[in-house]
2 protein chains.
Amino acid sequence: MTTPSPINWPKYQHLYEEISVPAKTVLLEEGKTSRYAYYIVEGAVRLWFNNKGKDTTFQFFFEGEGVSSIESFRTGQPSMCTIETISAARLLKVSKENLDLIIDSEPGFRANLEGIIFHRLLRYTKMFIAQIRDTPQERYEALIRDQPHILQRVPLQYIASYLGITPVSLSRIRNKLQREK
Amino acid sequence: MTTPSPINWPKYQHLYEEISVPAKTVLLEEGKTSRYAYYIVEGAVRLWFNNKGKDTTFQFFFEGEGVSSIESFRTGQPSMCTIETISAARLLKVSKENLDLIIDSEPGFRANLEGIIFHRLLRYTKMFIAQIRDTPQERYEALIRDQPHILQRVPLQYIASYLGITPVSLSRIRNKLQREK
DNA sequence: AAGTTCTCTTTACATTTGTTAAGAAATCAA
DNA sequence: TTGATTTCTTAACAAATGTAAAGAGAACTT
């Protein structure tokens with residue numbers, strides 16, 4: 001779930017729960033099985049995993065997006081990553097069972113799922129390509145250009161690991177770009 | 001198309017063409033629209049794109065796998081990458097139209113497509129994560145461990161760009177690992 | 001308001017990687 | 001086989017990144 005869903009949510013109000021949580025709330029812990037998907041009404045969320053004791057962020061989500069550990073939610077396997085709020089957030093929380101009910105009640109939505117997954121595939125493919133093709137500086141410049149909202153709302157340390165570099169290195173790149181102006 | 005398809009191919013012999021091509025044959029050129037998908041009977045194929053004049057490989061395919069520029073084949077947009085044989089190859093070549101005919105004739109296959117795309121999504125997600133989490137040396141060691149067949153059949157220069165490094169750097173890593181034994 | 005925590009930057013040094021060039025080794029073609 | 005091409009390794013130097021530590025600044029808590 002990454003794109004805004006076309007679901008008529010109010011119709012299914014009895015099947016989901018609206019929750020408000022503070023910043024740094026863990027919605028799903030790495031290694032546990034995902035039983036809920038979330039839809040972000042307000043706030044920012046990141047996916048990260050533990051890497052030799054360090055915290056590596058690999059994806060951000062914002063208002064209007066659905067979040068889950070997609071592979072765990074679908075396959076029932078333990079999640080590769082933790083889902084955690086960055087800021088205080090309002091979320092719709094839906095269990096797997098109830099989401100299935102909703103999806104089956106919305107004609108044509110099940111067919112749409114393939115399209116949603118396809119576009120997420122493209123997104124990760126492009127992220128992988130950017131990673132082997134571009135330098136960290138180029139990836140940072142692309143982030144500023146294409147997704148400036150991330151920069152405004154996410155602490156730089158998380159952005160650094162998302163770019164595959166350390167906060168120190170990101171700081172140097174920012175310094176360099178500023179001097180060049 | 002990345003997983004071996006469950007299609008009963010002989011039944012549809014009139015809808016595809018079996019071709020034999022030498023090494024370094026371009027099956028699809030970057031920037032052009034993909035009109036054919038291929039199934040590899042024998043041989044090795046890589047996907048690469050032009051990166052500031054340099055050749056960057058980002059995926060390999062072998063016997064029993066289907067190959068296409070998946071996003072171009074599906075959306076009709078120009079391909080991000082070139083598809084090229086690494087070695088001499090025997091291939092089944094299917095047009096988009098005929099593949100649709102075949103898929104529609106095989107009950108349940110259309111539904112399977114979502115699963116195929118889902119698993120390819122997982123694969124790219126894991127490649128992206130490995131890229132921001134692991135060092136080039138760790139990625140090379142994982143390649144030896146998990147996909148040794150690639151190492152046996154693909155020139156090291158292509159593997160280097162697949163790992164996101166230069167052939168020189170890969171050579172140093174190989175030298176270092178050998179000395180450590 | 002004061003203290004605490006979190007975030008970001010900077011410095012110095014070590015390590016890794018990129019670049020360029022040269023040559024060895026392997027492969028291919030005539 | 002022989003010559004040509006491709007592939008791989010090595011060397012030297014430049015550039016980028018990682019690590020560790022210190023401190024400034026911002027944000028949050030009480």
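Order of the sequence lines fixes the chain letters, A, B, ..., with proteins taken first and strands second; residue numbering starts at 1 for each chain. Fair warning: this is a prediction, and the values are worked out from it, not measured in the lab.
- OP1 and OP2 of D:dT9 both lie 4.0 Å or more from every side-chain N or O belonging to B:Asn175.
- Of the candidates D:dA20, C:dT17, D:dG18, D:dA20 carries the atom nearest the A:Val168 side chain, counting heavy atoms from C-beta on.
- No side-chain donor from either of A:Tyr124 and B:Arg123 sits under 3.5 Å from a side-chain acceptor of the other.
- Distances shorter than 4.0 Å separate none of the side-chain N or O atoms of A:Lys24 from OP1 or OP2 on C:dC6.
- Salt bridge B:Glu84/B:Lys24: absent, no basic N to carboxylate O contact under 4.0 Å.
- OP1 or OP2 of D:dT9 lies within a sub-4.0 Å distance of a side-chain N or O belonging to B:Arg174.
- Look at CD on A:Gln157: it is 17 Å from P on C:dT10, rounded to the nearest Å.
- A donor and an acceptor atom, one from each side chain of B:Tyr162 and B:Gln59, are nowhere located under 3.5 Å apart.
- In this model, a donor atom of one side chain and an acceptor atom of the other lie less than 3.5 Å apart for A:Arg46 and A:Thr57.
- Counting to the nearest Å, the P atom of D:dA24 and the CG atom of A:Leu156 are 20 Å from each other.
- In this entry the distance linking CD of A:Glu84 with C1' of C:dC6 reads 14 Å, nearest Å.
- At whole-Å resolution of the value, CG in B:Leu163 and P in C:dT17 are 11 Å apart.
- One finds no side-chain N or O of A:Thr166 lying less than 4.0 angstrom from the OP1 or OP2 phosphate oxygen of D:dT17.
- Two residues, A:Arg172 and B:Arg172, neighbour DNA chain D, and the one matched to the more 5' nucleotide by heavy-atom proximity is B:Arg172.
- The distance between atom CD1 of B:Ile165 and atom C1' of D:dT17, rounded to the nearest whole Å, is 15 Å.
- Rounded to whole Å, the distance from CD1 on A:Ile86 to C1' on D:dC28 is 17 Å.
- For C:dT19, one of the phosphate oxygens OP1 or OP2 lies less than 4.0 angstrom from a side-chain nitrogen or oxygen of B:Lys54.
- With D:dT9, D:dT7, D:dA21 as the choices, the nucleotide that has an atom nearest any side-chain atom of B:Tyr158 turns out to be D:dT7.
- The side chain of A:Ser171 lies closest to C:dT10 when the candidates are D:dC8, D:dT6, C:dT10.
- Atoms OG and OH, on A:Ser95 and A:Tyr16 in that order, are 13.5 Å from each other to the nearest 0.5 Å.
- Rounded to whole Å, atom P of C:dT7 lies 12 Å from atom CD1 of A:Ile159.
- Distance, A:Lys176 NZ to D:dA15 P: 10 Å, rounded to whole Å.
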